[in-house]
J.: 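If you scroll down you'll find the structure; I have some questions about it.
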Amino acid sequence: MSYKQTKVWNVDNLNDGYTSDPDIKEAALWIKQGEAVAFPTETVYGLGADATSDSAVEKIFKAKGRPGDNPLIVHIGSKKQLTDFVAFIPRMAEVLIKEFWPGPLTLIFPKRANVSEKVTAGLGTVAVRMPDHVVARALLKEAELPVAAPSANQSGRPSPTKAQHVYHDLHGRIAGIVDGGPSGFGLESTVVDCTGDIAWILRPGGVTKEQLESVLGEGSVRIESKKQKSHHAPKAPGMKYRHYAPDSPLVLVEDTKSLQQNLQEAKETGRKTVVMAVNEHQAMLEQDTDAFICLGSMNKLEQIAAHLYDNLRQADQWDADIIFCETFPKEGIGEAIMNRLEKASFQS
Ligand code: TXA
Ligand code: MG
């Protein structure tokens, strides 16, 4: 499918008391008519299509070049919609919905038979989330449909946190983009499977393990890792692919001393480098690299998360032989930041 033009709607005038807007109405109409339309959420931009239509959902996979065995998240505008396509709501899910919806938390449910196989990639479960962003909520309200939406990037590339990122990856391949300014958190939602006794984090994200534990109790939340994979039901199928990756190879380096050594070696062999590090380490590193990209302050991980994908895209523009990036402690938001960096690097 190709489009002569991808329409861009600018909607910077919406506020929380949304009633009506002609641009949102048009974008919603296009979704109802079976088109794929990108829109901002509080995590990253999503590429949305009618989750009840096989042909609309197919357009998402085609536009992104996404493997068909990687299921999509269904986005809803009100909690009432959940029972339309979920077989039952586990007790733990009820608690999490009450606490975290709308918000950056995706929950896995046993699905009802009416959910398209295209959305769930043939699994017996469906992933659902209720986004907390004025544009996403307005669009879902006007569309009056469950909307399947992966991140609106070309498959494998860093997720989009600005409308320009979506345009760069998908113009001519999708019908339209609703531009609502930069997305909020900057990394995707946390995906949690709570169909059993334990809440398994299949993908760390906007809601941290610590936050989940604060409502479910300590010991009842675990993070899925490669080691645990064989012991229980499926992890998020999407996590097996290399993801979020710039075109130049990305190498993670744990401490600044080794980073300096790596840069010396690269210099000696005439390789062009980009360094991504916090401003506290800038003075120490910038003279030995072709480009330095400041990730923010090591004391403000939320800022690092919000700009990480944009920084990965910028690093790529240098056409470097190698991109070095420093690492962060895997606690709180650091868990999601490191998960994305590891997936983007050659080490995972
Ligand atoms: O923040 C987000 O979640 C964004 C915004 C647009 O909402 N969406 C997003 O979608 O990140 P996507 O498609 O890029 O990632 C969805 C993840 C994948 O890792 C996929 O494998 C997993 O959720 N997933 C979807 N359905 C699943 C299911 N039934 N069981 C396990 N994992 C599932
Ligand atoms: Mg994605």
Side-chain angles (χ1 to χ4, degrees), residues 36-49 51 57 60-61 63-77 85-87 100-112 115-133 135-137 139-140 146-161 165-166 169-170 178 180 183-196 200-207 224 229 232-245 305 309 336 339-340 343-344:
V37 168
F39 61 96
T41 81
E42 81 283 29
T43 57
V44 299
Y45 271 71
L47 178 60
V57 171
I60 293 178
F61 282 92
K64 282 185 56 108
R66 182 180 176 105
D69 66 350
N70 190 4
L72 305 178
I73 296 171
V74 176
H75 294 63
I76 54 175
F85 47 90
V86 158
F100 297 109
W101 279 13
L105 178 69
T106 296
L107 296 172
I108 308 293
F109 296 93
K111 69 167 197 172
R112 275 169 64 162
V115 182
S116 162
E117 293 279 310
K118 299 256 184 252
V119 171
T120 60
L123 295 176
T125 53
V126 59
V128 187
R129 100 174 182 94
M130 184 174 169
D132 185 16
H133 186 286
V135 174
R137 296 185 72 173
L139 193 65
L140 289 165
V147 169
S151 49
N153 50 288
Q154 196 188 88
S155 205
R157 299 265 302 144
S159 298
T161 49
H165 298 157
V166 181
D169 279 15
L170 300 177
V178 185
S183 56
F185 178 64
L187 303 177
E188 299 84 344
S189 63
T190 304
V191 179
V192 172
D193 181 347
C194 53
T195 52
W200 284 96
I201 298 178
L202 306 186
R203 179 181 71 180
V207 174
E224 166 80 63
K229 199 164 64 175
H232 80 114
K235 70 187 230 154
M239 299 313 278
K240 70 176 182 250
Y241 296 104
R242 182 162 179 258
H243 259 316
Y244 321 114
Y309 287 139
N339 172 277
R340 304 311 189 270
K343 288 261 173 295

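Remember, it's a predicted structure, so these values are computed and weren't measured experimentally. Remember, it's 1-based here, ligands and their atoms both numbered in the order they're listed.
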J.: Does any N, O or S atom in Ser151 come within less than 2.8 Å of the Mg ion (ligand 2)?
T.: yes
J.: Regarding atom 7 (O) of ligand 1: of the candidates His75, Arg203, Glu224, which has the closest heavy atom?
T.: His75
J.: Any idea which atoms of ligand 1 are less than 4.0 Å away from a heavy-atom of Leu123?
T.: 28 (C), 29 (N), 30 (N)
J.: Which atoms of ligand 1 are found less than 4.0 Å from any heavy atom of Ser189?
T.: 1 (O), 2 (C), 3 (O)
J.: What are the atoms of ligand 1, with element, lying closer than 4.0 Å to any heavy atom of Leu202?
T.: 31 (C)
J.: Using only heavy-atom distances, determine whether the side chains of Thr106 and Arg203 contain a donor-acceptor pair under 3.5 Å.
T.: no
J.: Which atom pair, heavy atoms only, marks the closest approach of Thr43 to Pro104?
T.: CG2-CB, 3.5 Å
J.: Examine the proximity of ligand 1 to Glu42 and report which part, side chain or backbone, both or neither, has a heavy atom under 4.0 Å away.
T.: neither
J.: For atom 31 (C) of ligand 1, state which one of Leu105, Ile108, Leu107, Leu187 supplies the nearest heavy atom.
T.: Ile108
J.: Does the pair Arg137/Glu42 count as a salt bridge with the N-to-O cut at 4.0 Å?
T.: no
J.: Apply the side chain to side chain contact (heavy atoms under 4.5 Å, CB included) test between Val126 and each candidate in Val115, Leu107, Ile108; give the one that qualifies.
T.: Val115
J.: Show the nearest heavy-atom pair for residues Pro160 and Val44, with the distance to one decimal.
T.: O-CB, 3.4 Å
J.: Within a distance under 4.0 Å of any heavy atom of Gly46, pick out the atoms of ligand 1 and give their elements.
T.: 6 (C)
J.: Please verify whether a non-hydrogen atom of Arg66 lies at under 4.0 Å from ligand 1.
T.: yes
J.: If the test is side chain to side chain contact (heavy atoms under 4.5 Å, CB included), which one of Ile60, Ile73, Leu72 qualifies with Val119?
T.: Leu72
J.: Just by distance, do the side chain of Lys64 and the backbone of Asn153 share a donor-acceptor pair under 3.5 Å?
T.: yes
J.: Check whether any N or O atom of Arg129, backbone or side chain, sits under 3.5 Å from an N or O atom of ligand 1, and answer yes or no.
T.: yes
J.: Regarding ligand 1, does Thr43 bring an N or O atom to under 3.5 Å of one of the ligand's N or O atoms?
T.: yes
J.: Quick one: which ligand 1 atoms are inside 4.0 Å of a heavy atom on Ser151?
T.: 8 (N), 9 (C), 10 (O), 12 (P), 14 (O)
J.: Can you confirm whether the side chains of Ser159 and Arg340 place a donor and an acceptor under 3.5 Å from each other?
T.: no
J.: Which bit of Ala149 is near ligand 1, meaning a heavy atom under 4.0 Å away: side chain, backbone, both or neither?
T.: backbone
J.: Once you restrict to heavy atoms under 4.0 Å, what part of Thr125 touches ligand 1? Side chain, backbone, both or neither.
T.: both
J.: For the residue pair Ser151 / Glu188, report whether a side-chain donor-acceptor contact shorter than 3.5 Å exists.
T.: no
J.: Which is it for Asn70 and ligand 1 at heavy atoms under 4.0 Å: side chain, backbone, both or neither?
T.: side chain
J.: Can you see which heavy atom on Arg129 is nearest to which on Thr41, and at what distance?
T.: NH2-OG1, 3.0 Å
J.: Does ligand 1 have any atom sitting under 4.0 Å from a heavy atom of Thr120?
T.: no
